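Remember, predicted model here, so these are calculated numbers, not experimental data.
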Amino acid sequence: MAEASRWHRGGASKHKLHYRKEVEITTTLQELLLYFIFLINLCILTFGMVNPHMYYLNKVMSSLFLDTSVPGEERTNFKSIRSITDFWKFMEGPLLEGLYWDSWYNNQQLYNLKNSSRIYYENILLGVPRVRQLKVRNNTCKVYSSFQSLMSECYGKYTSANEDLSNFGLQINTEWRYSTSNTNSPWHWGFLGVYRNGGYIFTLSKSKSETKNKFIDLRLNSWITRGTRVIFIDFSLYNANVNLFCIIRLVAEFPATGGILTSWQFYSVKLLRYVSYYDYFIASCEITFCIFLFVFTTQEVKKIKEFKSAYFKSIWNWLELLLLLLCFVAVSFNTYCNVQIFLLLGQLLESTEQYSDFYFLACWHIYYNNIIAITIFFAWIKIFKFISFNKTMSQLSSTLSRCIKDIVGFAIMFFIIFFAYAQLGFLIFGSQVDDFSTFQNSIFAQFRIVLGDFNFAGIQQANPILGPIYFITFIFFVFFVLLNMFLAIINDTYSEVKADYSIGRRPDFELGKMIQQSYKNVLEKFRLKKARKDEDKKTKGSGDLAEQARREGFDENEIQKAEQMKKWKERLEKKYYSTEIQDDYQPVTQEEFRELFLYAVELEKELHYINLKLNQVMRKVSAL
């Protein structure tokens, strides 16, 4: 009875293990299917926000305002501005011509202007453009005593503490008086500093001739001074054909060293989100996204309550939490953008005689696009969680997990040498080579050297002796030595993992085999009758063999032992020597080991019995 009870418990344990594995397979496949639906919905949502016309609109506007040359000077455009004279030539030439499109190309008016310029005849200029200047005070830096007789004024670099807030020049209009900011637009991050809102501001007129006279007046009265550090030119357009707003900002920075550095921003955004039927379809995808977010959040909360601290030991759970956090941030950004558009859009379009500050809405829309882009990136990365059940992906994850300590130790050594070379390059070439002008630029320049993108001629010209030495030694130590050590660490670990997999150390189950096994289970249900017929034939054949053994004089105990050994042999061969399961390593449980041990004991008894029979036969033969 005790033996039967133990065998019953072993069978129940195996059945429970098999049932748990089937539940795990079903759960994994359900999660994979649900996640694919979520991923497809997220892709539709993100690609629905992007319009190919955004690129073409930015390209057309940048070509008009950046590449158009000053009449009579083909090499002078906004990109090539280097002096105050060039700046005023641009303001009175390409900028003026680009902003005011009063008539068709044959001087016919094909539409009612309504005091609005239509750039390229399709893009409505919203409100009027705005020009804004920021200055610094005098004596924001110190002149060395030996040079005070030659230069008594000193204007330092721009900071909020050094900013000049006093009126200057004619002091009669807003362009000569400092104005505080009344918008929530973010501060501008330029080449030479971070510039806040406010400053000396004036807006352009609806009339092209009045605007030109304004520019001439400002130039003659020296609106740009030695203290000027940056000038912003802001305006916004709307194209009804593609339902896109284009917010443009042209920036001219005046460094303390003299000269001008130009930069620009062209933001084509879709502020009117829901216009066409396709837009409403995207809105339904957004609602579906929120439903998925609620479901996934509920699942993760349940897992945290169930596993508690053990939940945070898995890297996939951390990725899940990061993805949920990004989703919540994206939803909050989207909600805030829609609310601000609803509140501000009507006010911005009311007055056509004032500057319409769409820059604030464009920035928040760009922030939302960036967040949703990062979200979909990590959403695709999460697919590795399901593919990791595959043999190849499991080898990859095992390789990375095994060599992580060696890689961290190697990374410390690598970056010590890498940063040493970066500082060396910055100090030697920083004053002459643009790629090494700052320490950050030196770091990125060295990454580019590793990838094969470098300016050796500039390095050699900056320092004919140390330049080649720096370049050759950097290539040798970083490229030929350190990077090959990094690859050797990964290759060696991958060889170990592959060797372990070849002797059977594999994951408990793989995704492909799970799907294949489920497919086989369905087929087995259709082949059930055939399997039963085969079993009946085997039983009948076994009965015939037993009858034949009785006729030949074997006793009943020997026949029962032989039948039991045959059943054990068939069951164990089916489990451990089947060609279908040979490639799938399964750990041996305690019950299976006990069963194998009993089988080995019975084999030992049979071998001992056969040995006795052979000895009897040999004695009879020797007696003859």
Side-chain angles (χ1 to χ4, degrees), residues 79-82 134 136 140-144 154-163 186-196 228-230 232 249 251-265 363 366-367 370 373-374 377 407-487:
K79 293 181 179 179
S80 63
I81 291 176
R82 293 296 178 267
L134 294 177
V136 295
T140 51
C141 52
K142 186 176 181 180
V143 180
Y144 189 67
C154 186
Y155 297 89
K157 65 178 183 178
Y158 177 85
T159 62
S160 57
N162 293 340
E163 186 175 356
W187 292 7
H188 182 87
W189 193 341
F191 289 131
L192 304 175
V194 179
Y195 306 99
R196 64 180 186 179
T228 300
R229 286 294 172 262
V230 65
F232 298 97
R249 168 170 285 185
V251 184
E253 296 181 72
F254 296 74
T257 57
I260 298 177
L261 299 176
T262 57
S263 60
W264 49 87
Q265 293 177 341
C363 286
I366 295 299
Y367 296 157
N370 294 339
I374 297 173
F377 170 78
I407 289 178
V408 170
F410 167 79
I412 295 174
M413 178 179 62
F414 175 83
F415 282 109
I416 288 174
I417 298 177
F418 192 84
F419 286 130
Y421 270 101
Q423 190 168 7
L424 176 64
F426 168 62
L427 295 175
I428 296 176
F429 317 116
S431 61
Q432 301 184 52
V433 183
D434 180 60
D435 291 341
F436 295 87
S437 58
T438 64
F439 184 68
Q440 294 85 351
N441 288 350
S442 300
I443 294 174
F444 288 107
Q446 291 186 159
F447 279 116
R448 289 168 54 191
I449 291 175
V450 172
L451 297 175
D453 180 17
F454 52 86
N455 181 16
F456 178 74
I459 295 174
Q460 188 178 27
Q461 185 177 1
N463 196 315
I465 297 175
L466 294 180
I469 294 175
Y470 161 84
F471 182 79
I472 293 172
T473 55
F474 177 80
I475 290 294
F476 177 77
F477 285 110
V478 175
F479 189 78
F480 289 107
V481 177
L482 294 179
L483 288 183
N484 283 286
M485 285 179 61
F486 174 74
L487 295 176

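Nearest heavy-atom pair, A422 versus I443, reported as atom, atom and distance to 0.1 Å: CB-CG1, 4.0 Å. Here the closest heavy-atom approach between residue N463 and residue P468 is recorded as O-CD, 3.7 Å. Nearest heavy-atom pair across L424 and Y470 is CD2-CD1, 3.9 Å. Across every non-hydrogen atom of A252 and I260, the tightest pair is CB-CG2, 3.9 Å. Here the closest heavy-atom approach between residue F429 and residue I459 is recorded as CZ-CG2, 3.5 Å.
More than 12 heavy atoms of other residues, nucleotides or ligands lie within 6.0 Å of CZ in F456, so this atom counts as buried by the packing criterion. At most 12 non-hydrogen atoms from other residues, nucleotides or ligands lie less than 6.0 angstrom from CZ of F191. Within a 6.0 Å sphere centred on CD1 of I465, heavy atoms belonging to other residues, nucleotides or ligands number 12 at most. Remark: Q432 CD is packed, more than 12 non-hydrogen atoms of other residues, nucleotides or ligands lying under 6.0 Å away.
A distance-only check finds a donor-acceptor pair linking the side chain of S442 to the backbone of T438 [under 3.5 Å]. In terms of modelled atom types and a separation under 3.5 Å, the side chain of D453 and the main chain of I449 share no donor-acceptor contact. Formation of a donor-acceptor pair under 3.5 Å by the Q446 side chain with backbone atoms of F418 is found in this model. A donor-acceptor pair under 3.5 Å is formed between the side chain of R229 and the backbone N or O of Y155. Between the side chain of N370 and the backbone N or O of I366, at least one donor-acceptor pair lies under 3.5 Å.
For F474 and Y421, the ring centers sit closer than 6.0 Å to each other. Ring-centre distance between F486 and F414: not below the 6.0 Å cut-off.
At least one side-chain heavy atom of F232 sits less than 4.5 Å from a side-chain heavy atom of L134. Inter-residue side-chain proximity for S431 and F426 is flagged as unmet; no heavy-atom pair is nearer than 4.5 Å.
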Practice prompt. Take T262 and V251 through the side-chain contact (heavy atoms from CB on, under 4.5 Å) test and state the conclusion after the steps.
Written response: CA-CA 6 Å; T262 57; V251 184; over 6 Å; no

Practice prompt. Step by step, work out the side-chain contact (heavy atoms from CB on, under 4.5 Å) result for E253 and L192.
Written response: CA-CA 8 Å; E253 296 181 72; L192 304 175; 3.5 Å; yes

Item to complete: Start with the C-alpha distance between L482 and F410, add both sets of side-chain angles, then the distance that settles side-chain contact (heavy atoms from CB on, under 4.5 Å), and finish with yes or no.
Response: CA-CA 8 Å; L482 294 179; F410 167 79; 4.1 Å; yes

Fill in: Audit row: W187, Y195, side-chain contact (heavy atoms from CB on, under 4.5 Å) steps and yes/no
CA-CA 6 Å; W187 292 7; Y195 306 99; over 6 Å; no

Discussion item. Go through it in stages, so that I can follow the logic: the residues are F471 and F454, the test is ring-ring contact (aromatic ring centres under 6.0 Å, His included), and I'd like the CA-CA distance, side-chain angles, deciding distance and then a yes or no.
Written reply: CA-CA 10 Å; F471 182 79; F454 52 86; 4.9 Å; yes

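Checked for salt-bridge contact, E163 and R196 meet the test: a charged N lies under 4.0 Å from a carboxylate O.
Between the CD1 atom of I417 and the OG1 atom of T473 there is a distance of 10.5 Å, given to the nearest 0.5 Å. To the nearest 0.5 Å, atoms SG (C363) and NE2 (H188) are separated by 10.0 Å. Here the straight-line distance linking atom CG of N455 with atom CZ of R448 works out to 8.5 Å at 0.5 Å rounding.
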